[in-house]
Protein chains: 4
Amino acid sequence: MLKIAQERSRERRRRILLAATKVFGEKGVHAATLTEICAAAGVSRSTFYDYFTDKTALLAAVPRANFEEFYAEIDAILETIAEPWDRLCAFYLGTLRYIERNPAWGRVFFLEIWPSVLASEREVRDAVDLYARRIVGILRQGIACGKRSRGGDPYLLATLVLGSMTHLVATWLLYGRPRDLSAQGAKALALLRPLVVPAAEPPPGAVPGRRAKARRR
Amino acid sequence: MLKIAQERSRERRRRILLAATKVFGEKGVHAATLTEICAAAGVSRSTFYDYFTDKTALLAAVPRANFEEFYAEIDAILETIAEPWDRLCAFYLGTLRYIERNPAWGRVFFLEIWPSVLASEREVRDAVDLYARRIVGILRQGIACGKRSRGGDPYLLATLVLGSMTHLVATWLLYGRPRDLSAQGAKALALLRPLVVPAAEPPPGAVPGRRAKARRR
Amino acid sequence: MLKIAQERSRERRRRILLAATKVFGEKGVHAATLTEICAAAGVSRSTFYDYFTDKTALLAAVPRANFEEFYAEIDAILETIAEPWDRLCAFYLGTLRYIERNPAWGRVFFLEIWPSVLASEREVRDAVDLYARRIVGILRQGIACGKRSRGGDPYLLATLVLGSMTHLVATWLLYGRPRDLSAQGAKALALLRPLVVPAAEPPPGAVPGRRAKARRR
Amino acid sequence: MLKIAQERSRERRRRILLAATKVFGEKGVHAATLTEICAAAGVSRSTFYDYFTDKTALLAAVPRANFEEFYAEIDAILETIAEPWDRLCAFYLGTLRYIERNPAWGRVFFLEIWPSVLASEREVRDAVDLYARRIVGILRQGIACGKRSRGGDPYLLATLVLGSMTHLVATWLLYGRPRDLSAQGAKALALLRPLVVPAAEPPPGAVPGRRAKARRR
DNA sequence: TATGAATGAGTGTTCATTCAT
DNA sequence: TATGAATGAACACTCATTCAT
């Protein structure tokens, strides 16, 4: 009995979160109104306050929820990959694929939250930081195990990696998603590869995206 | 007599624009209120409407004004540089230096406007597009005149160039400007160089930032 | 429980409508502010928007509501009257009596809405037209069934009928309601009678119109 | 020198008055803004205050000015007519003809000012009263000199006369001026004639409008 | 638990009016 | 005399939030 109630409660929360992601993405975080979000979630505006203390709280919960989902996905994959470069590719392309399936979230995170004053909100910022640190972490692994490293500074490399990713996503979203986002990502990675992995180790002709894929199977 | 009045009028417009840039940067474009902007400009809210038709008009005017200033600056420099790669460095670093002197504008453009749904506003979008096209144009020049080109696709290269730049600016702004922005930019350019200029042509040890500087003298 | 809430809701709507009629009449439709109307209705300005989408919507609703009430009243009476002239008298005097009991509405309709550019508002205009058409309809009946008709053109007759009515109401309202409005109306009808009904056909009884006619001989 | 200045001053005042009549008629008295009126008059908004103390003062001046013009016209005609009924016709049709040539004024007076709360403004009201009294005066003359009078009460007759006139003008203005206003007026007068002039004195077949015209020549 | 009803604070915008020049 | 510049007060309207039920 109680369990059923709890279940429904959890379900409602999820629906609000989903609706928020959608509406935030469509209208922008600031232009989105609670009225619209609640309508999209099929919940009365006052009920909303039983699940979140605030509009701010909702804003903070949206990244948390989406990242949880994404990390669950990507971590399952990363477990099976050892090579740092391949791990990087998996993470990079995994992000892009997640966004392809979930463009509303892409909009919220890459257009609205990330590079934005919103990121000053403590909780939101933490989510952003964590994501960035994961990339830096992978790059650091690569540098550590590489015989010779070119970039050296993992932060500088991360700048290129994250920058290209956000740019790709932003244009993809803003220009009506003209072509395959993750395919573009693979090309960008191919370009970046020599900067990240020691030049001496020649890739046997494969596009990184494919290699990553191949390994996973 | 009339001239003085006109002068003061122009001055007031400028003050509103400046205040808008500041407040947009601080609060975000949507959260910024006319009340706050006008207060910052030392102008009554009704006076505002003698200078701009709308809040939207103001939003459109802010990028226009700042880009005019930036382009005036950078074009004077670019006139003296022929080599595509050096032109790219000048443009890239010029942008970062402009932002170092004018962080409020950096906030507005790189955190608020660029990767944002705001860019749907016709006029604002045009400004963004023009900026991006200028980078692509320089890259295309380089590809055209280069003996061998690596990246080939100027859009893909632009993704790396623009992406790294926005990322650099965003982190600089969001993390309290810990270190020299344009110095970071120079490092990023050094990393990117082999992707843009034919590998055969070896730079005799120089960091691109310096070379560009050197030429300008 | 729900019913009570609905009841109260309906009641509030009515109170706003009543207050609007009053304030529109006192200040004129354009000078009337929502602030004042809401204050008169004992409702907060934002609550207003739970009941009407707009000030325009309110403006349209005021005539609709009042006409509904008036028509309900007058139609009950008209059902019992067959003779066109008597029907005309009933309609004419019924209007005046309604206004005597409800002068605020008289003000709004006869001083503000009717002869006014406001009548361009689609919905408002429709209400005005309907009212006028009812008079014309009655006159047409009279012409159709009369042996001899004097005026012939029902629109011309309606001009006299409606014109005298509005004039009566307007002066009554503007000059502090010095005397019995419907008594004045009866006198005007008596004057108009020979223009409307064939002179040869003598009325066998005592409706005000009839008495007036009797006196005239 | 001074005279020239005075001349120009007077001219300016006139232009403002003209513009006000036009704009009041087009937008309605309340929706009309000083900005628009001044623009139409080719005068700066601050200059306006050299000619009128207030917007209210302007509102009061508009009827005064237009009535002065109208009275000058109509009095020249009335001087040549002795018969009360013909005088009435001349006045009635003269008004309609003035409006045909000057619909903006018709709008202001018959749709905006007359039957409206605006008429509470002292000065405006006086103008309205004067006009009505002139009609009553003519009717009184007719009653005085007539052997037998039908209506008896000049106010009641005036109700029909003025009422029909305003109604005619209002519909003419509101329904896009479908047909000749003064021709309609002549028909209405023909209908009203037996109520005003003793029935024994038969008009030798003439439409009142024509007779009035004929006499004037 | 859930919600319909209600609201205060604040938004962008307009406009009659004033004042220094 | 004439005006460009400036403003206070008010407007219609929105929205996150609260509370009685």
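So that the names make sense, note that chain A is the first sequence line, chain B the second, and so on, each numbered from 1.
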_dT7(F) OP1/OP2 closer than 4.0 Å to side-chain N/O of Tyr49(B)_ = no

*Quick one: label Thr35(B) by what it contacts on the DNA or RNA (base, sugar-phosphate, nothing), any heavy atom closer than 4.0 Å.*
sugar-phosphate

_From CD of Glu11(B) over to C1' of dA6(F), roughly how many Å is that when rounded to an integer?_
16 Å

*Between Thr21(C) (side chain) and Leu17(C) (backbone), is there a donor-acceptor pair under 3.5 Å?*
yes

*Quick check: does any side chain N or O of Arg15(D) sit under 3.5 Å from a backbone N or O of Ala41(D), one acting as donor and the other as acceptor?*
yes

*What is the nucleic acid contact for Phe52(C), judged by heavy atoms within less than 4.0 Å: base, sugar-phosphate only, or nothing?*
nothing

*Quick one: label Thr47(B) by what it contacts on the DNA or RNA (base, sugar-phosphate, nothing), any heavy atom closer than 4.0 Å.*
base

*Taking the side chain from Glu112(C) and the backbone from Val29(C), do they hold a donor-acceptor pair closer than 3.5 Å?*
yes

*If you look at every strand shown and take non-hydrogen atoms under 4.0 Å, does Asp54(A) touch a base, only sugar-phosphate, or nothing?*
sugar-phosphate

*asked:* Under 4.0 Å between a side-chain nitrogen and a carboxylate oxygen: does that hold for Glu26(C) and Arg107(C)?
replied: no

*asked:* Let me confirm one number: the CG-CG distance from Leu34(C) to Leu58(C), rounded to the nearest 0.5 Å.
replied: 7.0 Å

*Which part of the nucleic acid, if any, lies within reach of Ala31(A) when heavy atoms closer than 4.0 Å are counted: base, sugar-phosphate only, or nothing?*
nothing

*If you round to the nearest 0.5 Å, how far is CZ of Arg125(C) from CG of Asp129(C)?*
6.0 Å

*How would you label the contact of Phe48(D) with the nucleic acid (heavy atoms, under 4.0 Å): base, sugar-phosphate, or nothing?*
nothing

*Assign each of Arg8(D) and Thr33(A) to its nearest nucleotide of DNA chain F by heavy atoms, then name whichever residue's nucleotide is nearer the 5' end.*
Arg8(D)

*Could you check whether Arg45(A) gets within reach of a base, just the sugar-phosphate, or nothing at all, counting any heavy atom under 4.0 Å?*
base

*asked:* If you define the side chain from C-beta out and look only at heavy atoms, does anything of Phe67(A) sit under 4.5 Å from Trp105(A)?
replied: yes

*Could you check which of dC15(E), dA5(E), dT17(F) has an atom nearest any side-chain atom of Ser46(B)?*
dC15(E)

*Determine whether any donor atom in the side chain of Ser44(D) lies under 3.5 Å from an acceptor atom in the base of dG4(F), or the reverse, and answer yes or no.*
no

*With the side chain of Lys55(B) defined as its heavy atoms from C-beta on, choose the nearest nucleotide among dT3(E), dG12(E), dA6(E).*
dG12(E)

*Could you give me the stems involving DNA chain F, meaning stretches of three or more consecutive Watson-Crick or G-U wobble pairs whose two defining distances are both below 3.5 Å?*
E:2-21 with F:2-21

_Need to verify one output field. Residue with the more 5' nearest nucleotide on DNA chain F, Leu34(C) or Tyr51(D)?_
Tyr51(D)

